[in-house]
Amino acid sequence: MVDASQIECVWRGRSMLGEGPLWCPGLGAAGWVVFVDILRARLHAYDLASGDTHGWALEEACCWLAPREDGDGFIAGLRSRLVHLRLSESGPNIVAEWATPGDEPAGNRFNDAKVDPQGRLWFGSMDDDAERPIGSLYRLDRHGPVRVDTGYRVANGPAISPDGATLYHSDTPLGVIYAFDLSPDGELSNKREHVRFNATQGFPDGMTCDVEGGLWVAHWDGGRVSRFRPDGGLDETLTLPASRVTSCTFAGPRLDQLFITSAAVERDEEGLAGGLFRVKPCVSGVMPAAYRRSTEYH
């Protein structure tokens with residue numbers, strides 16, 4: 001078990017909406033944890049070697065980054081489009097447009113993504129006002145984005161089990177995390193309620209899996225990150241000094257550090273709101289999978 005004294009705030013930059021943390025071992029001397037501030041349209045990178053955090057302005061808000069298998073940067077989900085983005089110490093560079101869903105309702109934006117072990121990219125969309133159930137879950141394959149589920153107010157936190165057989169996805173305002181069976185050819189089936197938050201827990205936001213199949217979930221308005229067992233039972237809770245906890249990822253050479261993003265929006269009274277936190281739990285994570293451009297579906 002980990003107590004609150006072991007949770008360190010490594011960056012106090014007050015992201016308005018910190019999101020999408022991603023471990024990038026190939027950047028910098030010892031790897032970077034890259035994350036975004038959606039509301040301020042900024043991209044940040046925490047350098048594990050120096051402890052410094054770089055920051056860059058973007059022409060359009062970025063919601064997530066996913067590494068490419070060929071090592072040539074990332075697929076980035078901006079508010080309204082997907083792009084090929086490269087990143088170095090001099091900053092981000094958008095190289096090219098990528099295939100983007102063409103029938104998203106007006107007022108929607110993209111939100112959160114994850115790559116599965118087969119190299120498929122899963123990402124969601126949401127009503128920017130978080131009121132209408134008009135968001136969707138997409139799979140990006142070599143032929144372009146495919147809508148695989150819909151009816152979300154805030155599609156959030158895709159996570160894939162270590163064996164690649166289960167995909168987790170949530171609708172944040174409903175307080176529900178769903179589980180899907182994920183077939184080897186990328187088809188989803190058997191959608192079911194995996195975890196339902198109660199009124200004291202806040203709302204499920206970004207999430208990631210560890211090597212044992214545990215699901216780590218950030219609690220928006222809940223001030224914590226919780227680990228749920230593969231059967232959906234609550235296993236462990238980490239309490240943070242910020243109420244709007246948004247996402248988490250494992251990082252470091254041994255993948256034994258959990259980095260946690262948060263949001264300062266409407267939380268002026270919280271001194272560490274919007275900070276980036278780090279803790280060493282008693283389990284390691286899974287190396288982030290990379291998007292494979294040549295992936296085919298049958």
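The CD1 atom of Ile134 sits 9.0 Å away from the CG atom of Asp129 when rounded to the nearest 0.5 Å. The OH atom of Tyr291 lies 9.5 Å from the CG atom of Leu82; values are rounded to the nearest 0.5 Å. Atom CG of Leu167 is separated from atom SG of Cys209 by 9.0 Å, given to the nearest 0.5 angstrom. Atom-to-atom distance recorded for Met16:CE and Ser262:OG is 11.5 Å, nearest 0.5 angstrom. Rounded to the nearest 0.5 angstrom, Leu140 CG and Leu121 CG are separated by 5.0 Å. To the nearest 0.5 angstrom, Asp37 atom CG is 11.0 Å from Arg14 atom CZ.
The hydrophobic cluster containing Tyr178 also contains Ile160, counting ILVMFWY residues as joined when their side-chain heavy atoms lie under 4.5 angstrom apart, directly or transitively. Val195 is connected to Leu234 through a chain of hydrophobic side-chain contacts under 4.5 Å among Ile, Leu, Val, Met, Phe, Trp and Tyr, so both are in one cluster. Hydrophobic clustering (ILVMFWY, side-chain heavy atoms < 4.5 Å, transitive): Trp220 and Val176 are in distinct clusters. A continuous path of hydrophobic side-chain contacts links Val211 to Trp216 [ILVMFWY only; heavy atoms under 4.5 Å]. One hydrophobic cluster, built from ILVMFWY side chains closer than 4.5 Å, cannot hold both Val217 and Val283; they sit in different ones.
A side-chain contact (heavy atoms from CB on, under 4.5 Å) with Phe35 holds for exactly one of Leu43, Leu65, Leu22, Thr53; it is Thr53. Just one residue in the list Tyr46, Phe277, Phe250 forms a ring-ring contact (aromatic ring centres under 6.0 Å, His included) with Phe259, and that residue is Tyr46. With Val225 as reference, Val245 is the one residue of Val245, Asp205, Thr237 to meet the side-chain contact (heavy atoms from CB on, under 4.5 Å) rule.
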**Request:** Starting from the C-alpha separation in whole Å, work towards a yes-or-no answer on side chain to side chain contact (heavy atoms under 4.5 Å, CB included) for Ile177 and Leu215.
**Result:** CA-CA 10 Å; Ile177 301 171; Leu215 181 67; 4.2 Å; yes
**Step-by-step side chain to side chain contact (heavy atoms under 4.5 Å, CB included) determination, Leu78 to Ile94** = CA-CA 11 Å; Leu78 307 187; Ile94 294 176; 4.1 Å; yes
**Asked** Hey, mind stepping through Arg79 and Asp128 against side chain to side chain contact (heavy atoms under 4.5 Å, CB included) and telling me if it holds?
**Response** CA-CA 10 Å; Arg79 288 184 61 93; Asp128 209 8; 2.3 Å; yes
**Message:** I'd like to know whether Phe180 forms a side chain to side chain contact (heavy atoms under 4.5 Å, CB included) with Asp149, so could you lay out the CA-CA distance, the side-chain angles of the two residues, the decisive distance to 0.1 Å, and finally the verdict.
**Reply:** CA-CA 11 Å; Phe180 298 80; Asp149 198 23; 3.5 Å; yes
**Message:** salt bridge (Lys or Arg N to Asp or Glu O under 4.0 Å) for Asp181 and Arg192? Distances and angles first, verdict last.
**Reply:** CA-CA 9 Å; Asp181 292 341; Arg192 58 207 181 267; 3.1 Å; yes
**Request:** In sequence, state the C-alpha distance, the side-chain angles, and the governing distance for Arg267 and Asp221, and then conclude on salt bridge (Lys or Arg N to Asp or Glu O under 4.0 Å).
**Result:** CA-CA 10 Å; Arg267 290 297 181 268; Asp221 280 352; 3.1 Å; yes
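Considering every non-hydrogen atom in both Cys9 and Gly275, the closest pair reads SG-CA, 4.3 Å. Smallest separation of non-hydrogen atoms from Pro162 and Asp210: CG-O, 3.1 Å. Of all heavy-atom pairs spanning Ile260 and Cys248, the tightest one is CG1-CB, 4.1 Å. Shown here for Pro253 and Trp23, the closest heavy-atom pair between the two residues is N-CZ2, 4.2 Å. Of all heavy-atom pairs between Cys24 and Val34, the closest is SG-CG2, 3.7 Å. Across all non-hydrogen atoms, the minimal contact from Ala113 to Trp64 is CB-CD2, 3.4 Å.
We find that Glu69 and Arg292 are joined by a salt bridge, their nearest charged nitrogen and carboxylate oxygen being less than 4.0 Å apart. Ion pairing between a basic and an acidic side chain is recognised when a charged N comes within 4.0 Å of a carboxylate O; Glu187 and Arg139 show such pairing. Note on Arg132 versus Asp127: salt bridge recorded, some NZ/NE/NH1/NH2 to OD/OE distance being below 4.0 Å. Classification of Lys280 and Asp256 as a salt-bridged pair holds, one side-chain N sitting under 4.0 Å from a carboxylate O. Electrostatic pairing of Arg120 and Asp141 does not count as a salt bridge here, judged by no charged N lying under 4.0 Å from a carboxylate O.
Ring pair Tyr152/His169 is perpendicular by interplanar angle, where above 60° counts as perpendicular and below 30° as parallel.
Alongside Met126, the hydrophobic cluster contains Val154 (criterion: ILVMFWY side chains under 4.5 Å).
Judged by distance alone, the side chain of Asn111 and the main-chain N or O of Ala155 form a donor-acceptor pair under 3.5 Å. A donor-acceptor pair under 3.5 Å is absent between the side-chain atoms of Ser161 and the main chain of Gly213, judged by distance alone. In this structure, the side chain of Asp116 does not engage the main chain of Gly164 through any donor-acceptor pair within 3.5 Å. With hydrogens and angles ignored, the 3.5 Å screen pairs a side-chain donor or acceptor of His219 with a backbone N or O of Gln201. Put simply, the side chain of Asp163 gets close to the backbone of Ala165: a donor and an acceptor are under 3.5 Å apart. Side-chain atoms of Thr150 come within 3.5 Å of backbone atoms of Gly135 as a donor-acceptor pair (strictly under, hydrogens ignored). Formation of a donor-acceptor pair under 3.5 Å by the Lys114 side chain with backbone atoms of Met207 is found in this model. In terms of modelled atom types and a separation under 3.5 Å, the side chain of Thr246 and the main chain of Gly18 share a donor-acceptor contact. With hydrogens and angles ignored, the 3.5 Å screen pairs a side-chain donor or acceptor of Asp171 with a backbone N or O of Arg153. Side-chain atoms of Asp112 come within 3.5 Å of backbone atoms of Gly157 as a donor-acceptor pair (strictly under, hydrogens ignored).
A heavy-atom distance below 4.5 Å is found between the side chains of Trp122 and Leu188. Taking 4.5 Å as the limit, some side-chain heavy atom of Leu87 sits within range of a side-chain heavy atom of Trp56. Using a 4.5 Å heavy-atom threshold, the side chains of Trp32 and Glu89 count as touching. With a 4.5 Å cut-off on side-chain heavy atoms, Pro145 and Phe123 count as touching. Within the 4.5 Å cutoff, the side chain of Phe110 has heavy atoms near those of the Thr100 side chain. Here the side chains of Arg244 and Glu270 are not in contact, with every heavy-atom distance at 4.5 Å or above. Contact of the Ile38 side chain with the Arg109 side chain is registered, since non-hydrogen atoms from C-beta on lie closer than 4.5 Å. Put simply, the side chain of Val33 does not reach to within 4.5 Å of the side chain of Val10, judged on heavy atoms.
Here ring-ring contact (aromatic ring centres under 6.0 Å, His included) pairs that include residues 70-108, with residues two or more places apart or in two chains, number zero.
In this model, no donor atom of one side chain and acceptor atom of the other lie less than 3.5 Å apart for Ser247 and Thr261.
Contacts of Tyr138 classified as side chain to side chain donor-acceptor pair (under 3.5 Å), with partners at least two apart in sequence or in another chain: Glu104, Arg147.
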